[in-house]
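What follows is a single structure, written as structure tokens, with notes after it.
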Amino acid sequence: MELERARELIATQLQFGGGYNRNAVRLILGEIQRGHGQAASDALIRELGLETAFGLRPGTDFSRVGR
């Protein structure tokens, strides 16, 4: 998945902001980690405020989510 597409998908999930949306974001971050590495997912967490919105912290390993 491209980083720009991930930003779009996560932005949509942020609009709804529920528990299911948190899980969807975790799946997206897992795919980003597998394709682009830990630094890319950490950057998205910081950039999009995912720690505040969903409690997702930089440094978390999402690579096994959804597998």
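All values derive from a computational prediction rather than experimental measurement. All residue numbers refer to positions in the sequence shown, counting from 1.
Annotation: side-chain contact (heavy atoms from CB on, under 4.5 Å) contacts of F16 (sequence neighbours excluded): T12, N21. The side chain to side chain donor-acceptor pair (under 3.5 Å) search around E8 returns R5, not counting sequence neighbours.
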Show me the donor-acceptor pairs within less than 3.5 Å that the side chains of residues 24-37 make with the rest of the protein, sequence neighbours left out.
unit_1	atom_1	unit_2	atom_2	d
Q33	OE1	F62	N	2.8
Q33	OE1	S63	N	2.9
Q33	NE2	Q38	OE1	3.2
Q33	NE2	S41	OG	3.0
Q33	NE2	T60	O	2.8
R34	NH1	G30	O	3.4
R34	NH1	S63	O	2.6
H36	NE2	M1	O	2.8

Only distances under 3.5 Å count here; give the side-chain donor-acceptor pairs of residues 43-50 to other protein atoms, sequence neighbours excluded, each with its distance to 0.1 Å.
unit_1	atom_1	unit_2	atom_2	d
E47	OE1	R7	NE	3.3
E47	OE1	R7	NH2	3.4
E47	OE2	R7	NE	2.8

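A donor-acceptor contact shorter than 3.5 Å links the side chain of D42 to the backbone of G59.
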